[in-house]
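The chains referred to below are lettered A, B, ... by the order of the sequence lines, with proteins before strands, and numbering in each begins at 1.
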There are 2 protein chains.
Amino acid sequence: MRSRPVADVRARNAGHLRGLNLETVLSVAMQREGSFTRAELIEATGLSAPTVGTLVSHLMQTGIVKDLGTGPSRGGRRPSFMEFNARHGYVAGIDLGPTRTRLAVADLRGERLTDRIIPTPVRLGPAALLSRVAGALRALMEEAGAPIDRLLAVGAGAPGAVDREKGIVTFAPNLHDWSHVPMRDMLERALGAPVQVENDVNLAILGEHWRGAARGHDTCVFIFVGTGIGAGVLIDGELHHGHHFMAGEIAVMCMGPQFIDVDFGERGCFETLAGLHALAEHWPEASQADPAGWVPSLFEASLAGDRRAKKVVDEVARLIAIAVANVGAVVDPSLIVLGGALFAQAESLVHDVRKIVERIRRSPMEIVSSALGKEAPLSGCLLVAANDARQRLRHGLREARVSPIPVAAG
Amino acid sequence: MRSRPVADVRARNAGHLRGLNLETVLSVAMQREGSFTRAELIEATGLSAPTVGTLVSHLMQTGIVKDLGTGPSRGGRRPSFMEFNARHGYVAGIDLGPTRTRLAVADLRGERLTDRIIPTPVRLGPAALLSRVAGALRALMEEAGAPIDRLLAVGAGAPGAVDREKGIVTFAPNLHDWSHVPMRDMLERALGAPVQVENDVNLAILGEHWRGAARGHDTCVFIFVGTGIGAGVLIDGELHHGHHFMAGEIAVMCMGPQFIDVDFGERGCFETLAGLHALAEHWPEASQADPAGWVPSLFEASLAGDRRAKKVVDEVARLIAIAVANVGAVVDPSLIVLGGALFAQAESLVHDVRKIVERIRRSPMEIVSSALGKEAPLSGCLLVAANDARQRLRHGLREARVSPIPVAAG
DNA sequence: AACGGATAGTTAAGAGGCTTTATAAAGTGT
DNA sequence: ACACTTTATAAAGCCTCTTAACTATCCGTT
């Protein structure tokens, strides 16, 4: 089900060498925050001065690197500054949620130019829905002054099982009639740009790792608890998908031997025990609709000493703590991030979970609350898109080196 | 705690190019089972005929590739056959067990020349113990006709927590007085060859993946149940260690909310509930010593209808099934291999576990019994050693393109 | 104000490695 | 015998990299 990427990026001859060194220089250029000089590239890449010179002039011809003119001297000849042209192209993120869909447009570094939240057009079928969303994104790009033909990559998230190789949303219980929807192809046709589809919790951990609570934690896990429950697993800085793209499907975790006999699929798994629906059942004041309405009251009642509320809260904290501890035991991350509607509405819960996990096992991993909240998957979308765009740019440089001086078309 | 390997294997100049192409040719040569010709290398590498010619002559000078003379014609000039010289060096495996230690000597392909089982000298301290084991390995190599100065790499396994970066056995509960033992350094001094230390369950899944039940399953998990309980996790063909080298520490998994309050560390975790000690407590006929004595009788009694035995067996099967299902949910492997003393003594158990897992969750992963049994970690040792040796050879070619024949240090 | 020294970048010359083309060796098949 | 195939080596040419020399500025000191 998974093809091994035997992508041999090794150079074989002088031509490949050139392509790789172009990539190397471009990589360094993209990593730099601001402007830089040839001398700095020489230092960073280890290449010789003349080589860097020709590589840079090549990159400037394509427009990926912008000349900024000379700067102030540092004791000798004035350096010629340049910078990575982050506006050489644009990327977009689409976080498709059950009720709201978040859109954003960013430059090649992933810096947002603009974003927007629109109601998910739930009454439409998948094709029409995605077409509508794509239309909204086109409008947003126009407003941001980002020409659509400069859209180089899109990252899209869906709340369900995703086969990211085929770009298909296999199943999304919270989206009406979504089963085997070829989301990537549909969006690519509507937008004319390559799209990567990914599960929303996976995107959340990518987002938190990039710009949120998990910065610097290359092996970490996001555990999402809301109506649904799921986890995103990052290993050595890369998402772990699993053989059937079902890694992190902790909704179906079994929470104890006592749950095996009693009609398991319905009542015994993690999601049916600790998801918002389960809580609502045990808390009469829960109007099924918006958890922001009743979840805080449940936790306040518990803190105030309400027996019934306390029991519900204690039980859910325990269940989550068991999941956290057990995922931690298997994966051994340096950090676990907790997020989702439940944690968003109940600040004390993270603390409770942390305390119980410590009782279960003197655990070396940190446990923190999501820093980006509902924005996390969208950030992940932009990261995925920016990485994809940059990879395509680099790869393009390598391929298009057939003629000695590939002049920028035009 | 983990250094990212930013190993830039990219060529920068012509010299590096040569090194990489040498590696490429050698890689293909090592993968071939038997003999091959220059023409086949041209086909496999994509390099031109003259280049392959010079690379091959270089490899023959070092002795890594052996000339076999010309073969029969296939309609044209007779090809000149050659083969990878698997005896250019040797590797060894050391599986240090609580009572027995397995040793093996193999060629660079990992094919065993000889092996031996010796009693682990448990009365000695770590240093003396390892010295004794190293002595036994030296003797074994001599018998096999493998000169010790040709030992290029060693893979060693220990039953406990291992910091493989530092080569230290952090803690091994089943080895007397083993805590923070610098096993790698000790063995390297005693053997004069580079040693890789790894946890034994991790080695087991490597072994099963290489030559056992997990062949072809690049993402899979070994779950070991004996006196201790542990798991080895393979992701995309590579071991997953976790941030603190504690991935797969499923001994401490919490098996249900009811176990949190009752003195957890002692009685509520997976190992204390389902390890052999736990079983022995519930089965009076268990003489604490050898599980081969009483475990089969327990399972026979259960099958025969003994209520008490059945209850014990059912409970342990359930607990293991929960662990299997939950590890499966987090990692999403294509296969889970079950092994260890418990499964070795009770063939029906794998079947029982499989049935319960299917009841918990219609799971897409296979569940099978270990094919290599107690030999699995030793196979893993040889794989680790062979890979290390081959990598060193390739790397050596790249670096030491100065002296033609790099003789192993004496 | 002039000069030495430092920094940044370019041009020129040289070396290494790969590829294409040509050549040689050794068969097979008609 | 002759044409053609397969395999391997030799010669010539091309590309890219590097070192060395050179240009372009600027700073600080005398």
Interatomic distance, B/M60 CE vs D/dA8 P [rounded to whole Å]: 10 Å

Would the distance check show the side chain of B/R184 and the main-chain N or O of B/K166 forming a donor-acceptor pair, the cut-off being under 3.5 Å? yes

Between D/dC17, D/dT16, C/dC18, which nucleotide gets closest to the side-chain atoms of A/N21? D/dC17

How long is the line joining CZ of A/R12 and C1' of C/dC18, in whole Å? 12 Å

For DNA chain D, determine which residues of residues 70-81 of chain B have any heavy atom closer than 4.0 angstrom to one of its atoms, and list them numerically. B/R74, B/G75, B/G76, B/R77, B/P79, B/S80

Which nucleotide sits closest to the side chain of B/R18: C/dT11, D/dC17, C/dC18? C/dC18

Contact between B/E40 and B/R32 at the side-chain level, heavy atoms closer than 4.5 Å - yes or no? yes

Kindly state which residues belonging to residues 30-45 of chain A come within less than 4.0 angstrom of DNA chain D, counting heavy atoms of the residue only, listed by number. none

Any side-chain heavy atom of A/R394 within less than 4.5 Å of one from A/M30? yes

Any B/S379 side-chain heavy atom under 4.5 Å of B/R112 side chain: yes

Nearest of D/dT9, D/dT18, C/dG17 to any side-chain atom of A/L47? D/dT18

For A/G53 and A/N13, take the nucleotide of DNA chain C holding the closest heavy atom to each; which residue's nucleotide lies nearer the 5' end? A/G53

Does the side chain of A/L59 come within less than 4.5 Å of A/L397's, by heavy atoms? yes

In terms of side-chain geometry, is the basic nitrogen of A/R189 or A/D185 positioned less than 4.0 Å from the acidic oxygen of its partner? no

How many angstroms lie between NE2 in A/H16 and CG in A/N13, if you round to the nearest 0.5 Å? 4.5 Å

Taking the side chain as everything from C-beta on, heavy atoms only, tell me whether B/L383 gets closer than 4.5 Å to B/R211. no

So, do B/I148 and B/L151 sit near enough that their side-chain heavy atoms are less than 4.5 Å apart? yes

Could you tell me the separation between the CG atom of A/L55 and the C1' atom of C/dT10, rounded to a whole number of Å? 14 Å

Atom pair distance, as rounded to whole Å: CG in B/L17 and C1' in D/dC14: 14 Å

